[in-house]
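Remarks on the structure that follows.
Worth knowing before you read on, the calculation uses all heavy atoms, side chains too, and leaves out hydrogens, waters and symmetry mates.
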Amino acid sequence: MTDADLDRSYTALCEALANVGEAQAPLLLSMLSLSLMSRFAQADEVLPLIANAQKQCGAGVADAA
């Protein structure tokens, strides 16, 4: 994916999150995540991505404290 494609995709995600509202944002993200995960052949390809995202979120929480 090019930088322009990534930017378009991120912008569309932000707009979708704004359109569904804060209460429905977790549902939208869950549905999107499941859809994207289903495109991988094996869980071994997805699990490191989940671990990395969780680690980055944890780092952000620790930095804010």
Identify all side-chain donor-acceptor contacts of residues 28-49 below 3.5 Å with residues at least two apart in sequence or on another chain.
from, atom 1, to, atom 2, distance (Å)
S30, OG, P26, O, 2.9
S33, OG, L29, O, 2.8
S38, OG, S35, O, 2.7
E45, OE2, A41, N, 3.0
E45, OE2, Q42, N, 3.0

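- When every heavy atom of L17 is checked against every heavy atom of A25, the shortest pair comes out as CD2-CB, 3.7 Å.
- Residue pairs meeting the salt bridge (Lys or Arg N to Asp or Glu O under 4.0 Å) criterion with at least one partner in residues 11-34, sequence neighbours excluded, do not occur; the list is empty.
- Taking D3 as the reference, nothing meets the salt bridge (Lys or Arg N to Asp or Glu O under 4.0 Å) condition, with sequence neighbours excluded.
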